Each structure stands twice: as C-alpha cells, then as structure tokens.
Amino acid sequence: MSTVTSSLNKWQKKKLCSLFNHANLSLLFKASVHGYNVTTFHQKCNTQGPTVIVAYNNSGYVFGAFTSKSYAQTTQNVVDDKAFLFSFNDKEIKEDPLRVFSGNPQFSFTDNGPNFQSLVFLYSNSPTVYSNPGTYRFDPLKMHGNNLQLTECEVYRVEDCGGLMEKPWRNVQWNSERRQALLSYISGWKPSVSSVKQARILLVGPIGAGKSSFFNSINSVFKGYVSMQANTGTAGTSLTTQFRTYYIKPSSSVSHVPFSLCDTMGLEDGVNTGLDVDDFATILKGHIKDKYQFNPVTPIQPDSPHFHKSPGLKDRIHCVVYVIDISKVKLLSDKTIEKFVAFRKKANQLGIPQLVLLTKVDEACPLVAEDLKNVYQSHYINKMMQEISIQLGVSLSAVVPVKNYYQELEIDPQTDILLLNAVVQMLRAAEGFFDDFYNPEEKSE
C-alpha cells in the first residue's frame, strides 16, 4: 500500500482551510499516484460527502472546486448552492483566496468526473484543465494564470471539525510540574517481575503512521532536544524493513529508562506485503532477534540465525501499541482492519495488553494545531478516537492521541506532556502483563 501524502505546504493548507472555517481535510485522490483518470477519480471519491478538488500548476497557482454534495457518477447536473471555485497563488500570499459561486442556482457541476463546466479537471483523462468562464464567471488570469497544464491534482474530503467542547473530556495538566512528574514516574517505574528489567513495547501500524517518528519523539523528550535516530519518511513502501529494538539512553532528566520500543515493518494491504500475522506472533513470543530482515513472502524459520529458540520472559513483548494516523481512521481499508483484528486476536490469545496510539492530531484538527491543549476538547479528535475504538474493538481508555516531532528543531512542553502520558499508559498496560507472572515470594530489585 503506497503512502499518499498531500502536496499542500503549510501556508497553502492554511489558505484552503480558511475557505471552510476549521475543517479537517482527508486526502482521497492524488493524480500523480492514482492516475489522471476520471474512472479512478470516481472510485476514490464517490459517496464521500463534501469534497474539494485542488489543482496545481507550475505558475504557482493552487485552484479548484468545492461541492457539499457527494459524487455518484450519475452523469446528471447537480444543484448545490454551496459549491464554488477558488484560487490563490504564491505571488499573493497575503491576499484572500479568490472564491466564485455559480451564476445559475440550478447548476453546480455535472456528475461525470470533476466537471464544473467552467472548469473541467482531468480533462480527456490528462493532466490538463478545460477552462471556459460562463456558469462560474472569473478572470482566467486570476484563476489559473492561463496555465492549464497541471503538475498535480488532488481531492480531499472536507469534514467539519465540530468546534470545541465546553470542557476537556480528559483532564491533563499542561504545566512544567506535570512534565517533571511524568518523567519522575517513568524513571522510577520497574516491572513487578524481578527477572525483567525493561518492558518491551511493540509498535505496529500502517506505513507512514508514525511508528519510527514516535520513537524519535520519545528519545527527543528524554534528550532535551529533537533527535532523529530511526528512519522516518513517506516512502511508498515500509521504511522499516528490519525488526529493531530501540533503547533510550538515560539522561539528566531520566536516570533510568524502564522500557524499550520495538519497531517492525508497516502493515500493507496486498498479499505478501508488510508484516504478516505469523511473524507478528513470533515477535510476541520473543523468538525474533534484533535486526532480523523481514521477508514478507516467507515468515522467519526456526533454523534462521535470527531465531531465538529459547526466549525468556524478558525477551517477550509485554505491550502492543497499534500506531495509526488519526486523519486516516476513516480511510483504513477493509484489509487493513482485518489485519488489525487478526493481530488483536493473536495478542489476546497470548495475554498481551494492547493500546492504540493516534498520531498527527495537529494535522487532523486546525483547532489542535492552533493550541495542542485543545486535543481533549476537539469534537473531531474525540469522534475519531471513538471510531477507532469501535473498529478495533478496544476500550476508549486504551486509545491515546499524540503529536510527534517531525518539523520542529526544539522540543515543546505540551508535545512532551502528550508523549509522556502515552508512555505512562504503555507502562501501566505492561504492568497488567507482568501481574500474571507476579510471585509475592520474589522480591523486586
């Protein structure tokens, strides 16, 4: 499964979102990946509710069309008094976007591709736009600079963030004292089984969800500056091709780090791609050694030099964390959900506690991007947390939102607090695993 990422830069996304008043944008279609093809457009965009087409040309124009109606490939004219065309460009960053509504209330677009009559995108299944101002009246120079050749064409689902709740539904203290208290809790935590010195936490999730970024972010919190140790990025296939165990060095803020984070291949839709259930089960039981190179076609064999034949309790996985981009919750394919369910079943059989880590909360909700402290007041974040809870069959208390460090140069107290809260929940979950092995006659060191 390819990771499909937005071409909007920060100021372009801000401009676009200004047209919708705190909306969340979920990428459905990207022509450079899916093809400049009307049939594929409909396969990706039908029955998605309100959507916005975003086209780019090499003259610096970002322009497109919004409709509040669903595409359905009916070939009929569609009435939508909320539909409009828009444009902005990199030469007029401070100007408000151009917005043009239909001059005919009985016509907004024709439902046979992205066809707004005055602007027809993917024209003749090519990276071009047909432009003929009429139903929508505009100056072509201001709309697209008279450049109808596209460098990209994307479609986003537009979803109202729903504003903020009156009160946060989870109480979080956002001060420096709380940050220090979390660090102290983590530093002082020990497994209740003396033969185990560190909880081993396995991160599992789709490509691009932020598994490696989460490790880098936790490492950054403990180091006191943004650190990049694990490979991160947006490659089409999993950047993590080995089984890796990452250890975090103690620092001035944390004298003892009682956990390690294990990273795996990303989950993928296709057959013989990504992490499979057999390798997952073998990891859980502690049989796979660090730096084992995954082979999606064949699970690890007992005669492999990377196969640990007699793992102890300290080698096993003590908590599984499913890492998911919160903006992709509604876009998870049936096959991906099936894989998650199969993994959940296997982990349950082995008695291993599981959590869900929802990443990129700041990208999912503009209100959270403005102030991370809004994360537990955002209706949209709460809705996505409830949705993934139902999809994966976990309790809402096992769903934790975070923001990873990905573009920052310095750490931020609020980001740290969310990340450290997540680690505390993982340690508490792991403690539930150790409880099954607790021997009151054994004295913990």
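In this text the structure is predicted, and so the values were computed from the model without any measurement. Start at 1 with the first residue, then count along the sequence.
Counted by atom type alone, Ser212 and Tyr246 present zero donor-acceptor pairs between their side chains at under 3.5 Å. Using a 3.5 Å distance cut-off with no hydrogens or angles, the side chains of Asp80 and Ser108 do not pair a donor with an acceptor. A side-chain donor-acceptor contact under 3.5 Å links Asn24 and Ser26. For the 3.5 Å distance criterion, the side chains of Thr110 and Asn77 qualify, holding a donor opposite an acceptor.
Side-chain contact between Val221 and Thr415 is absent, with no heavy atoms from C-beta onward closer than 4.5 Å. Counting heavy atoms from C-beta outward, Phe214 and Val321 have side chains that stay 4.5 Å or more apart. Side-chain contact between Pro401 and Tyr376 is present, with at least one heavy-atom pair separated by less than 4.5 Å. Side-chain contact between Phe340 and Gln391: absent, with no pair of heavy atoms (C-beta onward) separated by less than 4.5 Å. Counting heavy atoms from C-beta outward, Thr264 and Lys211 have side chains that approach closer than 4.5 Å. Side-chain contact between Gln198 and Ile248 is absent, with no heavy atoms from C-beta onward closer than 4.5 Å. Looking at Ile388 and Leu332, their side chains come closer than 4.5 Å, going by heavy atoms from C-beta outward.
Aromatic pair Phe41/Tyr71: ring centres closer than 6.0 Å.
Under the side-chain hydrogen bond (donor to acceptor under 3.5 Å, both in side chains) criterion, Asn175 pairs with no residue at all, not counting sequence neighbours. Every residue two or more places apart in sequence or in another chain that forms a side-chain hydrogen bond (donor to acceptor under 3.5 Å, both in side chains) with Ser131 is listed here: His144. For Arg200, there are no salt bridge (charged side-chain N to carboxylate O under 4.0 Å, His left out) partners at least two apart in sequence or on another chain.
Under 4.0 Å is where a charged nitrogen must lie from a carboxylate oxygen, and between Arg179 and Asp416 at least one such pair does.
No more than 12 heavy atoms of other residues, nucleotides or ligands lie within 6.0 Å of NZ in Lys44, so this atom counts as exposed by the packing criterion. Within 6.0 Å of CD on Glu410 lie no more than 12 heavy atoms contributed by other residues, nucleotides or ligands. Residue Lys330 places its NZ atom among more than 12 non-hydrogen atoms of other residues, nucleotides or ligands, all under 6.0 Å distant. The number of heavy-atom neighbours closer than 6.0 Å to OH of Tyr123, taken from other residues, nucleotides and ligands shown, is 12 or below. Dense packing is recorded around NZ of Lys91, with more than 12 heavy atoms of other residues, nucleotides or ligands lying under 6.0 Å away. Residue Leu409 qualifies as open at atom CG: its count of foreign heavy atoms under 6.0 Å is 12 or below.
From Ser213, atom OG reaches atom CG of Leu203 across 11.0 Å, with rounding to the nearest 0.5 Å. Taking OG of Ser126 as the start and OH of Tyr36 as the end, the distance is 9.5 Å to the nearest 0.5 Å. The distance from atom CZ of Phe88 to atom OG of Ser18, rounded to the nearest 0.5 Å, is 7.5 Å. In this structure, Thr282 OG1 and Ile288 CD1 are separated by 5.0 Å, a value rounded to the nearest 0.5 Å. If you take CG on Leu357 and CD1 on Ile324, they are separated by 9.0 Å, rounding to the nearest 0.5 Å. Remark: Asn404 CG to Leu418 CG distance equals 10.5 Å, nearest 0.5 Å.
The backbone N or O of Glu152 sits nowhere less than 3.5 Å from a side-chain atom of Ser32 that would complete a donor-acceptor pair.
Just one residue in the list Phe116, Phe101, Phe138 forms a ring pair (Phe, Tyr, Trp, His ring centres under 6.0 Å) with Phe84, and that residue is Phe101. Here the rule is side-chain contact (heavy atoms from CB on, under 4.5 Å) with Leu16, and of Leu25, Val62, Val158 only Leu25 fits it. Checking each of Leu261, Asp263, Ile283 against Leu202 for a side-chain contact (heavy atoms from CB on, under 4.5 Å) leaves exactly one that passes, namely Ile283.
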TODO: Please report the C-alpha distance between Ser217 and Tyr405 in whole Å, then the side-chain angles of each, then the deciding distance to 0.1 Å, and finally whether the side chain to side chain contact (heavy atoms under 4.5 Å, CB included) criterion is met.
DONE: CA-CA 5 Å; Ser217 298; Tyr405 288 115; 3.8 Å; yes

Task: Verdict with supporting geometry, Phe243 and His306, side chain to side chain contact (heavy atoms under 4.5 Å, CB included) - done: CA-CA 10 Å; Phe243 176 68; His306 284 92; over 6 Å; no

- [ ] Tell me, with the steps shown, if Phe29 and Ile53 meet side chain to side chain contact (heavy atoms under 4.5 Å, CB included).
- [x] CA-CA 9 Å; Phe29 172 85; Ile53 298 161; over 6 Å; no

- [ ] Give the C-alpha distance, both sets of side-chain angles, the deciding distance and a yes or no for side-chain hydrogen bond (donor to acceptor under 3.5 Å, both in side chains) between Ser397 and Ser395.
- [x] CA-CA 5 Å; Ser397 61; Ser395 70; 2.9 Å; yes

Task: From CA spacing to verdict: side-chain hydrogen bond (donor to acceptor under 3.5 Å, both in side chains), Ser7, Glu154 - done: CA-CA 8 Å; Ser7 292; Glu154 299 173 327; 3.2 Å; yes

- [ ] For side chain to side chain contact (heavy atoms under 4.5 Å, CB included), just list the numbers for Trp189 and Phe259, CA-CA rounded to whole Å, side-chain angles, deciding distance to a tenth of an Å, and then say yes or no.
- [x] CA-CA 9 Å; Trp189 185 88; Phe259 66 92; 5.9 Å; no

- [ ] Show your reasoning for whether side-chain hydrogen bond (donor to acceptor under 3.5 Å, both in side chains) applies to Gln354 and Asn348.
- [x] CA-CA 8 Å; Gln354 299 146 77; Asn348 286 338; 2.7 Å; yes

TODO: Start with the C-alpha gap between Asn382 and Gln386, add the side-chain angles, then the distance that decides, and say whether side-chain hydrogen bond (donor to acceptor under 3.5 Å, both in side chains) holds.
DONE: CA-CA 6 Å; Asn382 176 262; Gln386 293 198 47; 2.7 Å; yes

- [ ] Test Tyr292 against Phe294 for ring-ring contact (aromatic ring centres under 6.0 Å, His included), laying out the working first.
- [x] CA-CA 6 Å; Tyr292 165 69; Phe294 288 105; 5.5 Å; yes

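Classification of the Phe433-His318 ring pair by plane angle, with boundaries at 30° and 60°, yields tilted. Using bins of under 30°, 30° to 60° and over 60° for the plane-to-plane angle, the ring pair Phe343/Phe280 lands in the parallel bin.
Scanning both residues, Leu331 and Leu27, for their nearest heavy atoms gives CD1-O, 3.4 Å. In terms of heavy-atom proximity, Ile381 sits nearest to Ala364 at CD1-CB, 4.3 Å. Pairing each heavy atom of Lys360 with each of Asp325, the nearest pair is CD-OD2, 3.4 Å. Listed here is the closest heavy atom pair of Arg137 and Val100: O-CG1, 3.2 Å. Of all the heavy atoms in Pro206 and Val323, the pair that sits closest is CD-O, 3.3 Å. In terms of heavy-atom proximity, Tyr322 sits nearest to Ala347 at OH-CB, 4.2 Å.
Annotation: cation-pi geometry not satisfied between Arg99 and Phe66 (NZ/CZ under 6.0 angstrom from ring centroid, within 45° of ring axis).
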